[in-house]
Asker: 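My questions all concern the structure below.
Residue numbers start from 1 in every chain, and the chains themselves are labelled A, B, ... in the order their sequence lines are given, proteins ahead of strands. What you see is a predicted model; the values in this text were computed from it and never measured.
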Amino acid sequence: MSAPIKVIDPETLPKHFEAREVEARLHERWDRLGVYAHDPARPRDETFVVDTPPPTVSGSLHVGHVFSYTHTDVLARYHRMRGQNVFYPMGWDDNGLPTERRVQNHFHVRCDPRAPHEPDLKLAPATAAEAKQPPRLVSRPNFIDLCLELTHQDEEAFKNLWRRIGLSVDWSLEYSTIDPRCRHLAQLSFRDLFEKGHVYSVEAPTMWDVDFQTAVAQAEVEDRPTRGAFHDVAFGVEGGGEFTIATTRPELLPACVAVTAHPSDARYRHLFGKTARTPLFHVPVPIFASELVDPEKGTGILMVCTFGDATDVVWWREQKLPLRQIIGRDGRLVAVQFGSDAFPSRDPEAANTRYAQIARKGVGGARQAIVEMLRDATTDSTGTGTAPLRAEPKPIEHAVKYFEKGDRPLEFISTRQWFVRLLDKKEQLLAIGDEIRWHPDFMRLRYRNWTENLNVDWCVSRQRYFGVPFPVWYPLDADAQPDYDHPIVAAAATMPVDPTVDLPPGYGADQRDQAGGFTAEADVYDTWFTSSLTPQIASGWVLDPNRHARRFPADIRPQSHEIIRTWAFYTIAKAWLHEHTMPWKHVVISGWILDPDRKKMSKSKGNVVTPMHLLDEYTSDGCRYWAASARLGTDTAFDEKVLKVGKRLVTKLYNAGKFVLAQAGPHAPIDVELDRAFVERLRQLVTRVTKAFDAFDYAHALQDTESFFWHDFTDTYLELVKHRARDDAGGSAIAGLRLGLRVLLRLFAPVLPYVTDEVWSWVFAEETDTPSIHRAPWPTLEELSTIAAPADATCFDVAVACLATINKAKSEAGVSPGRGVAQLTLAASSETLRQLATVERDVLASARVERHDLATDDALAAGTFEVRKAEYVAPVEA
RNA sequence: GGGCGGUUAGCUCAGCGGCAGAGCAUCGGCCUUACAAGCCGAGGGUCGCUGGUUCGAAACCAGCACCGCCCACCA
């Protein structure tokens, strides 16, 4: 007789799964055991590196966070159980405009890079009274300290959520994108790009947000349908004649530098090469032909201004037109003098009088004023005596470019900016994108599409404060003018630097901003300049070459699809520019959570669902179940029904675990045909689920495991064998149940880390010497190979079919499935009855059949049964 | 305007050449010795439309419609 197996006494366990208590207890245990710590010494090929998205902490918690971060965690947990050394860091993206705005309001401060640094500055949140006063000006280092202070609170909120939903990150690897190490790496990145000739600064027309007063990059720009109007405005032609252009931006008339039409347009062909004269300002401008003009649009002839849109910039460059910049950095019209070299006019006096009416106005006000003037017949400059505005404005809706965080249309303003040269590397960037595996694969096309259509280099300088500063100074000449062609880039060893505080090599503090001295570059990086280094931030890159070799490129980059053009693209670009490699092998794209009307959840729409109450109500495992039910790349409508199903599954696992592990008996082999047939099915499940996980398809892995657990395991196998399990000869059944549970818990563990580890801890932790299921080996066929295959695996299906037939008969007779059957006559084909023989005892015991006989009927289809006669025992009196 | 994804039961979604599926919801039956947070049953479909390929199409091909997303040059 073998020694008895270890069992639990279910009476000593809580009746229900107490999620909060279990979650708290397991957090403590996981920390104590170091379950999620990675081993820095293990080699690259045993390591699974996750390039975790650092969330923007100044945003609010969102059910979408639970969704996408769970996807990553499920994959990390799977690979950990496969024995890999999982490297799963967590960072916080705290630099950038959202945080700046929050800090400005919270402390009522503004950053002024010229303000003196106050090393001991401590501020309290601004009171209502203080907020009415002018904001306090603080230095950039002070401003960064305030940002750090505030974002720390936000980071705690995120950290709580991450722990609560059970992210298996190694918290010793925590970072934030503004911390000294990230600043250091971002500046090293700049220096490397500078040395390789991949960055340049240039004064050129750049997309500019007039509210934030900073340049923005192509990736941060979005088109929004905006109402406007075509204004038909008559221009004169020097030497006689006139034509009518159509414009949506009449306020730019003073900035007009040329006129153009399509070369094949017969209406205007005679004008090419002549000189037009603008109305109101009497500016002579050339008329040229351009293929870029659409003859169908407007009047087919248009004015080129500096700058109305991106095409104006193209024409300005190609035709080498003069610069007449009238929109200032604040979006208002600057003062200009007609009759000067820059602003010639055939009638400077009239031009200046008219311009005086729009100077200092915003774009909208200037537009209104100009249109008024154009309506006035006395402003006629074509000699016809009619007003230049030849028709009432025709309202249209057209696409206008906005900064994604901005409220007013972008302007093209000529400013000096730093760029990363990317346009000449499209081929390489496309090639590397094709080497990376995208999940789902069609997301690759978003990357291709973006890369192919890229039309300006990456503008990386921002005229903001809370960001990583450029490690750059410029020499000042004898007239205190900066020499932009010879920037002084900080030495790697001195980084991170703040050029507004630190000194360039060879200069003294007294030479700052003095003729013959130096001046600091005041700009900071685009936040993506740092975020695009997350794989290198985690690996250490040049700061830790050994570690970098073991952690880079990463295995997976999880992210959502709307930032393929920013985060994915820039990260690929950086890895290529620095090391001619891919930053990661796989990109896994989570979809969005949509509200029930299939609209994206967003703060501005007010349809955001916050996660905490869901975790309370449905448990963390239940919420993870919901998240893991959605396939990669698929947008999913938020549906609480799925959370309920998750919670039910958690409860069922808990109860099934209690029942199975309470069945006492000796150690015994699995040697009964039905048990072996069950194990055979289990083997097939393990094969399928493993294959799905290897393809990052956690959703199908979960679905498969769940349906097996619920249908094959609890409703079928467990029901079929539980009577035998209580017999003296029940050893094989108990062993089969325990093996089934031991395998299923592990297949569920990546998705349901709490309930599985709790049930695991009762018996299996000791039995297998693995204190946590999350370090237990993933189930394999080798592990199941000691159990012999059944002689005929179909006996399982035959048992299921037979039991279902009896159950149906009971249901049709209005009899409880638990009611005994005193006498049953069961018919089936001779072959089916032969198959039934090995499982007959379990089936009839499960159906509570007391006496039965079998009738052979070869007219019945194989594998089907018929109840010919049934006498049910009397119900038990209450 | 270009590209991508979707359209399957009342709802949320699987299925992607071989009998149209799951969960929820609905209806009926059961307080059965693990679990009523449960169990046993039942009903419910022109697989968006039109054509084609095929012995066979929800699936493959072509076209169309609608929904959503990404991108595009604001005259």
Asker: Would you classify A:D312 as touching base, sugar-phosphate or nothing, given that sugar-phosphate means primed atoms plus P, OP1 and OP2, and contacts are heavy atoms under 4.0 Å?
Answerer: nothing
Asker: Does a side-chain N or O of A:W710 approach OP1 or OP2 of B:rC39 to a distance below 4.0 Å, or not?
Answerer: yes
Asker: With sugar-phosphate meaning primed atoms plus P, OP1 and OP2, does A:Q218 contact a base, only sugar-phosphate, or nothing at under 4.0 Å between heavy atoms?
Answerer: sugar-phosphate
Asker: In the structure shown, which nucleotide is the Watson-Crick or G-U wobble counterpart of B:rA42, with both distances under 3.5 Å?
Answerer: B:rU26
Asker: Within residues 645-657 of chain A, which residues have any heavy atom lying less than 4.0 Å from an atom of RNA chain B?
Answerer: A:V645, A:R648, A:T651, A:K652, A:N655, A:A656
Asker: Side chain of A:N807 only, heavy atoms from C-beta on: which candidate in B:rA34, B:rC40, B:rA75 is closest?
Answerer: B:rC40
Asker: Among B:rC30, B:rA34, B:rC40, which is the nearest nucleotide to the side chain of A:S816?
Answerer: B:rC30
Asker: Using only side-chain N and O atoms of A:T248, determine if any of them is under 4.0 Å from OP1 or OP2 of B:rA75.
Answerer: yes
Asker: Suppose you measure atom P in B:rC60 against the same atom in B:rG18; what distance do you get, rounded to whole Å?
Answerer: 11 Å
Asker: Does A:K808 have a side-chain nitrogen or oxygen under 4.0 Å from the phosphate oxygens OP1 or OP2 of B:rA42?
Answerer: yes
Asker: Under 3.5 Å, is there a donor-acceptor pair linking the side chains of A:S560 and A:W592?
Answerer: no
Asker: Between B:rA72, B:rU32, B:rA34, which one does the side chain of A:F659 approach most closely?
Answerer: B:rA34
Asker: Give the ring-plane orientation class for A:F307 versus A:W316, where under 30° counts as parallel, over 60° as perpendicular and anything between as tilted.
Answerer: perpendicular
Asker: Using purine N1 to pyrimidine N3 plus N6-O4 or O6-N4 for Watson-Crick, or N1-O2 and O6-N3 for G-U wobble, both under 3.5 Å, which nucleotide pairs with B:rG63?
Answerer: B:rC49
Asker: Just call it for A:N449: base, sugar-phosphate, or nothing, with non-hydrogen atoms closer than 4.0 Å on any strand.
Answerer: base
Asker: With a cut-off of less than 4.0 Å, is there a side-chain N or O of A:N455 near OP1 or OP2 of B:rC73?
Answerer: yes
Asker: Tell which nucleotide pairs with B:rG68, taking only Watson-Crick or G-U wobble pairs whose two distances are both under 3.5 angstrom.
Answerer: B:rC4
Asker: Across the strands shown, which category fits A:Q663 at heavy-atom distances under 4.0 angstrom: base, sugar-phosphate, nothing?
Answerer: nothing
Asker: Taking only N and O in the side chain of A:H561, is any of them less than 4.0 Å away from OP1 or OP2 of B:rC70?
Answerer: no
Asker: Could you run down nucleotides 4-14 of chain B 5' to 3' and tag each one B, S or - for protein heavy-atom contact under 4.0 Å?
Answerer: SS-----BSSS
Asker: Categorize A:L718 for me: base, sugar-phosphate, or nothing, with a 4.0 angstrom heavy-atom threshold over every strand shown.
Answerer: base
Asker: Do A:R446 and A:R565 come close enough that some side-chain heavy atom pair is under 4.5 Å?
Answerer: no
Asker: Hey, is the side chain of A:K810 poking within less than 4.0 Å of OP1 or OP2 on B:rG41, counting only N and O atoms?
Answerer: no
Asker: Between A:F748 and A:F709, does the ring centre distance come in under 6.0 Å?
Answerer: yes
Asker: Considering only atom P, compute the distance from B:rU46 to B:rA58 and round it to an integer number of Å.
Answerer: 13 Å
